[in-house]
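The block underneath contains the structure these notes are about, expressed in C-alpha cells.
Sequence lines set the chain letters: A, B, ... in the order given, protein chains first and strands last, and positions in each chain run from 1. Both backbone and side-chain heavy atoms feed into the values below; hydrogens, waters and symmetry mates do not.
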Amino acid sequence: MEERTRAYLRGRFRDHYRRTEITLPPAANEREWGYIPWTDGPGTTMVRHRSLLELGAVEEFLERERPRHVYFSAGRYDDPGAGSMSEKGWRSSDLVFDLDADHLPSVTLGEDSYAEMLAKCKDALRRLLDFLEDDFAFEDLEVVFSGGRGYHVHVRDESVRHLDREHRREIVDYVRGIGLEFDELVETETVAGLGRKTPTERRTLRTDGGWGRRTHRRLVAFVDELLELEETAALERLQAFDGIGEGKATATLNAARNNREELEAGNVTVHTAVAQLAERFASRAVERDNAPIDEPVTTDTNRLIRLPGSLHGGSALEVRRIDRDELDAFDPLVDAVPETFRGHEIAVDVTRGGEVELGGDIFTVPEGDQSLPEYVATFLMARGRAEKEKER
Amino acid sequence: MQRLHARYPFLQAARESVATEAVDLATVVEQDDAVVDRARERVVAAVEEGETGEPRRDVRTELLSYPVARVLVSLVDQPVLVRKYARAEAETAYDRFTTDLEDTTELKSVENAGVDLETLLAEFDLEDAVSETGEGYRIAVGAYLPLAADLWGDEWRLVNRALADGEVPVSEAELLTLCREAVRERVEEGLPFDVPDAIASALESEAAAVREVLSDLDLTREIDTVVPELFPPCMKALLDDIQKGEHLPHHSRFAITSFLTSIGMSTDEIVELYRVNSSFGEEMTRYQTDHISGETSPTEYSPPSCATMQSYGDCVNKDDLCERVAHPMAYYERRIDDTDDDDLEDWREARADGDGEA
C-alpha cells in the first residue's frame, strides 16, 4: 500500500469516527484495549495492554489515532493496563465465539465468492445460535459481523464468565460435536424379559437434550420419510446405508411401521438394525448440525476481539452489531458499508480487478485508473487491490 | 465444637468454629500431641491409602487435626501431596455423606452429626444451580463444567450429556460425585500456604515423616516389571475381560489401565497387551492411556485402592494376600518381592522373543 493510499484511508477513517457513536462493551474500563496503527511495511505491530485510563474516551481516541484495527479484551481485570497477563489480575471473561469463513468445511476457498462465503458463515451462525440459545439457554448474547470474513458472538451471562480455558474447551467440543460417543447418548436399563428367561436390556436414546435429542430428531424425520415411500423405494433408501443389506432393511422398515411410537420415545432396542441406524444418525447429526467455530478464540480467556462500531482495516467495512431479530434480514455486504463512504465517487488506480459485490450491486471492476463509488474504492484499497490515484 | 464439624472439617461452619474457639494453632502444635498425631495420620494415610485414617472419638482432636494437617501439607510443599491429600479428604467426606444420605431412619443422633443434600449444596453455593426432577437432578452448566473437569470418563464430557435449557441432567449418584469434587476443590484451595516459622519448627519431625512416606511412594512407582501371572486377582480379571473383547465400564477400564501405567508399561505396550482381541478400539485406548499416564493431562493418575475397587464391584476372586493389603499395587509389589528374580519373566521380553521367532 502506498503512502498516499494509507493517508487517504486514515483520513476517511477519521471522518467515519467523527460521525459514529460507539457503544462500548459493558465494564469497558476493566478490559484491555489494543489497536493496530496504519504503518508502512509488511509487519503489523499491535499496540496492546492499554486501559481506558490510558486511551481516554474511546471515541476521542479513535478520532485522534484512527487506527487500522481496534480490539478490546474478552477478559476483565483488576489492572487491565498491566504489561503481562499475570499482573493484570484476571476476574472473568466473556465467552466468545468466532465463525470465520476461512475455517468452514463448506467453503471452497478460491471458488466461493465473498458473498457466498458470508452466506455459508451465516448458516453456521444460525446453527451456533441454536446451541447457545436452546441447549445452553444463554440470555446475554451479542451477535456481531466482524467486518471481514465472519461473525462473532459474545456471551456475557454471569453464570459462565468464571469458566477457565479447560471448561470452555468442553463448550467448544459440545458445539462442534467432538468426542461424541454414541453409547453415552443411550440409556440402558434392564427389563424383566417378557416371556423370556433372561432379563433383557432396553436401550433408549436420550431425547430430552444434547446430541441425543439432535440424533433422535434426525432419525425420526428419516423414519417418517420412509413411511411415506413405496415399499421398494423405502427399502432402497435403507440399503443405501453402509452395512444395511436387504434383511436389515426389511427389519428396519417393519420396525418403523409397527413400532413408530417406540421409536418416537427413543427406544432403539426394537431391532439391532435400528440401533445401528441410530448410530449412523449420530454421526450425521454431528456432520450437519455442528458449528465449526474457531477453537482458540473461545478457549483463550484473554483474547482481544474487534470492537463493534469500528472499521475493519482489511475491508473498510464496519464491524456491526446485529439485533437478534434483524439477523435474517442482515446483509453484511449492504448493512456493513459505512454511511460515510456512500453517495460519492473517487478516483483510484485498480491493480487487481474483478467482480466486487457490495452495497447491493455487483461491480465488474477493470484494472487501471477509474472513478468508483467510494465504498468500493476503499474496500479495494484496504484489500490491497487498488491505490489512491496520484494527484494531477 | 460439634461432631458434625469434626466429621466434615472443611465446612465453612467448622472453620468458623475453630476460629471462634480462639484456637491458636501455634500453641496446639506445640502442646497438643494428640492433635498433631492425628494430623500426621491424616496426611500419611492420604498418601498411602488414599484415605484419611481412623477418626478420633474426641471431637476437638479430630476437628483441630484438619487445620494442622493442612499446615503439614503446606510445609512439605509438593504438588503431588496437595493433590493426594485433597483427594483423600474428598473421598472420606464422600463416604461419610453418602452414608448420611442413605440413613433415612428418623433416629438421627441427638447431636445431628450428619448432613443432608440441601446443606451440602448450600455449602458450595450450588443450591440455585441444582434442581430436583422426577428422575434425578439438573445442574446448571456453568456449575457443572468446573466440577466435572477432572472426572475421568466419556460420560462426564459435556458433548455426551443431554444438555437442555442450560442444565445438565444428572443422577443422584452423579450429583454426589460432583459434590465430592466440590469438596476436593475446597480442600485444595489455598494449599500450600506460607507457614510461620514457629509452627514450622514445631512440626519439623512430622514433615520429615511425610516426606519419607512420599519418597517411599516414589519407590513403589518405580516398579518396572510386567508379569501378568502375578497381577492381583482383580486386575487379572479385568485384563481377561478386555482380552476377551468385553465392553468394560469406565471405572474398570480406568482401574486396569492406570494399574498397567503404574507398573511401568508404555501406551504402546498397553495397546499391544489389549490387542489380543481385535475390536478393542486402539484409538480410544491410546487416548485414555495417554491421559491416565499424565502424557496428555496435568495429572498422573494412580490406580484405585482396594476400597474403591470394592465399591465399584471390581474386587473379585480375593485371595489370602488380598486380606493383608489395601492396594492392588501393594499386592503386586509383594508378589514380585516374594518371587525369585530369576523366575520373573517380563511379559515385554517374552513378547520381544516371540517377535524374533516369527
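Counting heavy-atom pairs under 4.5 Å between each of Arg169(A), Glu133(A), His162(A), Arg214(A) and chain B puts His162(A) at the top. Looking only at heavy-atom pairs under 4.5 Å with chain B, the residue among Arg168(A), Glu181(A), Arg176(A), Glu158(A) that has the most is Glu181(A). By number of non-hydrogen pairs under 4.5 angstrom with chain B, the leading residue of Asp164(A), Val160(A), Asp173(A) is Asp173(A).
Checked against Tyr174(A) for a side chain to side chain contact (heavy atoms under 4.5 Å, CB included), the options Leu158(B), Val141(B), Leu145(B) give a single hit: Leu158(B).
Proximity to chain A is limited to the backbone of Arg161(B), based on heavy atoms less than 4.5 angstrom apart. Of the atoms belonging to Asp157(A), not a single heavy atom falls under 4.5 Å from chain B. Heavy-atom distances place the side chain of Leu163(A), and not its backbone, under 4.5 Å from chain B.
Of all the heavy atoms in Arg213(A) and Leu163(B), the pair that sits closest is NH2-O, 4.2 Å. Across every non-hydrogen atom of Ala164(B) and Gly209(A), the tightest pair is CB-CA, 4.0 Å. When all heavy atoms are compared, the tightest approach of His167(A) to Pro146(B) is NE2-CA, 3.4 Å.
Under a cut-off of 6.0 angstrom, the local environment of CG in Asp194(B) is sparse, with at most 12 non-hydrogen atoms contributed by other residues, nucleotides or ligands. Atom CD of Gln12(B) has more than 12 heavy atoms from other residues, nucleotides or ligands within 6.0 Å.
Remark: Ile178(A) CD1 to Arg157(B) CZ distance equals 8.5 Å, nearest 0.5 Å. Note that CG of Asp135(A) and CG of Asp165(B) are 8.5 Å apart. Values are rounded to the nearest 0.5 Å.
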